[in-house]
Amino acid sequence: MHAFEWMSPQGIESAARAATTTVAAAMVSERGEPDDEAALLKAGGIDLLDLMKEGLLRPRRLINLRDIAGLERIEEVDGGLRIGPNVTLSQLAAHEQVRMRFRALAEAAGTSASPQIRHLATLGGNLLQRPRCWYLRSRAHHCTRKGGDTCFAFDGENQYHAIFDHKGCAIVHPSTCATALVAFDARLEITGPAGTRRGVSVEDFFLLPEADVHRENTLAAGEIVTAIWLPAPPETARSLHVKHCQTESFDWPLADAAVMLEVADGICRKAAIVLGAAAPAPHRARAAEAALTGQRLGEALIRTAARAALQGAAPLSKNGYKLVIFETLVRRALLAAAAS
Amino acid sequence: MVMRGNTSPHARSRTPCVTGEAVGPGAVPITLEVNGILRALPVCPGATLAEVLRDQLQLTGTKIACDRGACSACTVRLNGTPVCSCMVLAIEVNGAKIDTIEGVAGETLHPVQAAFLEHDAIQCGFCTPGLIMSCVALLESTPHPSEEEVKAALGGHLCRCGTYPHVIAAVLHAAQTSKRRP
């Protein structure tokens, strides 16, 4: 790796003030040269070090967030949970309240990456990791997302790319925790350099390429995700996260799905169905949700809903296989949630 | 109410510059407790723990293969927890307790090492130090794991010789033969 400076502030505001830009913005350039004056925030550092080792980022300084006290806690607030961004994926997956009441999130965190990486990687960093698109991660390809004028995936190797909402760029969002968080209507607390805080739903935090092709979320320079809020789920809520990978061990999924159902007397009162690795942002399958809401849960209805989850899909030349996988995943997840 | 799951392996580490002043890009003094011995050394902010162990402390048992956290050959224990040392900066684990393959054996081989030999769980051997670190940590936290638990704990390790079945047999054997720990 190239030589860089190191800073490890103890306060959120001093860290926010020290950051000059975001990881996404530091990767955007006219000719494919990353910003070599950037001062970038680092939590677990897993994706950041990967990008630096590949020469896709060349920051002058890293600002460590791991010495800031309090960001590694999970607290119960008003029946819900307030999760600090430095909580590791291992901690999240092992946490009793998360496992009991937010099962889909525990499953998504506990099956991400490998045990060794889950011990290091943080939830905040997981949400902010950059897409795995091999053109984005190739120095030889100056793609649209890095400031070029071509998305190489459309005419290239697009078997791992998006089947929804790929206008201008066909990445899929890599975070499976994000898939689960959207199903729980989770919110983020974001703190800026002046100490000002804003709240945003996880669903609105992520951006589609048509809104901004250069970044995956609304985080601005000097902003830090300081908490992930999970509202209290109703007593009757049941959730799970399922994913299908090319290999049995660790990998980003070909397809993943989180479902959350509120069921009373066999009737589905509310359904959240979110697809991951399907679109440039977590994709809410609203037609499938509508098919279930207010209806008596049964196998035929669940089959109809699983088909509806693919409504609007527009697969690329090499990823039509994902349609079958998603329909199967959603059907299985709904059947399991309905039976639990 | 504050609730915590298992704590982060970083919990006992503090970087040497928590005053908020920038340091580097040149070397910065840190200390590490490596295999029970306190070591003071200068590290550049860009040096990974794996590089520092190998190049500065000459502990070359820890291997670097992918250097991206994708193969786990570089697994060491950070405050007891197995991590990929290629994805940890040495500067951020100042003060931490690090265990490497060089510290596993005592007067005799560790039961896991002995079981690897007995079960022929090594072919080229490049992934072996990392695998052993994960297996030793597993048997400390779960003295009598099921085969599924062994597979889950070793899920991050790549062995291109394909020794996996022998490794799993070795760990299960080491668990059977070792005394039940309190």
Side-chain angles (χ1 to χ4, degrees), chain A residues 1-11 14-15 18 39 42 44-46 48-50 52-54 60-64 66-68 70 72-77 81 86-88 90-99 110-111 113-122 248-251, chain B residues 1-11 13-26 28 43-48 51 67-72 74-76 78-79 81-89 91-94 130 133-134 137-138 151-158:
Chain A
M1 241 178 321
H2 73 286
F4 55 84
E5 296 172 355
W6 176 261
M7 191 185 219
S8 204
Q10 283 179 292
S14 46
K42 173 202 155 296
I46 303 297
L48 194 64
L49 293 190
D50 192 344
M52 288 165 65
K53 288 177 180 190
E54 294 293 339
R60 181 174 57 84
R61 178 180 292 179
L62 291 190
I63 303 142
N64 184 33
R66 268 202 139 132
D67 283 328
I68 301 175
E72 74 297 347
R73 291 195 193 125
I74 301 178
E75 296 167 279
E76 191 169 348
V77 179
L81 294 179
N86 283 357
V87 168
T88 64
S90 295
Q91 283 174 278
L92 198 57
H95 194 277
E96 197 187 337
Q97 288 287 315
V98 178
R99 292 167 68 96
T111 57
S114 68
Q116 286 91 328
I117 295 298
R118 290 197 293 273
H119 292 318
L120 299 168
T122 64
E248 272 186 43
S249 66
F250 62 100
D251 202 355
Chain B
M1 186 173 85
V2 177
M3 297 173 298
R4 300 179 76 155
N6 58 338
T7 55
S8 150
H10 280 76
S13 311
R14 283 291 176 268
T15 75
C17 38
V18 286
T19 53
E21 297 299 311
V23 295
V28 182
V43 300
C44 292
T48 64
E51 289 167 345
D67 201 26
R68 298 291 185 281
C71 76
S72 300
C74 65
T75 298
V76 301
L78 168 61
N79 296 323
T81 306
V83 299
C84 292
S85 60
C86 76
M87 298 306 278
V88 177
L89 295 173
I91 195 170
E92 65 179 313
V93 295
N94 180 39
M133 296 315 289
S134 283
L138 170 69
K151 285 183 179 174
L154 304 185
H157 288 272
L158 289 187

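So you know, we letter chains A, B, ... as the sequences are listed, proteins then strands, and number each from 1.
For B:Ala152, the part sitting under 4.5 Å from any heavy atom of chain A is the backbone (N, CA, C, O) and nothing else. Using a 4.5 Å cut-off between heavy atoms, A:Leu48 does not touch chain B at all. Interface residue A:Glu54: backbone and side-chain heavy atoms are both found under 4.5 Å from chain B.
Looking at A:Thr122, its side chain never comes within 3.5 Å of a backbone N or O of A:Asn86 through a donor-acceptor pair.
When the side chain to side chain donor-acceptor pair (under 3.5 Å) test is applied to A:Arg99, no partner is found at least two apart in sequence or on another chain. Partners of B:Ser134 according to the side chain to side chain donor-acceptor pair (under 3.5 Å) rule, which considers only residues two or more places apart in sequence or in another chain, are A:Gln116, B:His157.
Taking 4.0 Å as the cut-off between side-chain N and carboxylate O, B:Lys151 and A:Glu248 do not count as a salt-bridged pair.
Listed options B:Ala70, B:Cys86, B:Gly156 were ranked by heavy-atom pairs under 4.5 angstrom with chain A; first place goes to B:Gly156. The choice from B:Ser72, B:Cys44, B:Ala153 that makes the most heavy-atom pairs within less than 4.5 Å of chain A is B:Ser72.
Here B:Leu154 contributes atom CG and A:Ser114 contributes atom OG; the two are 11.0 Å apart, rounded to the nearest 0.5 Å.
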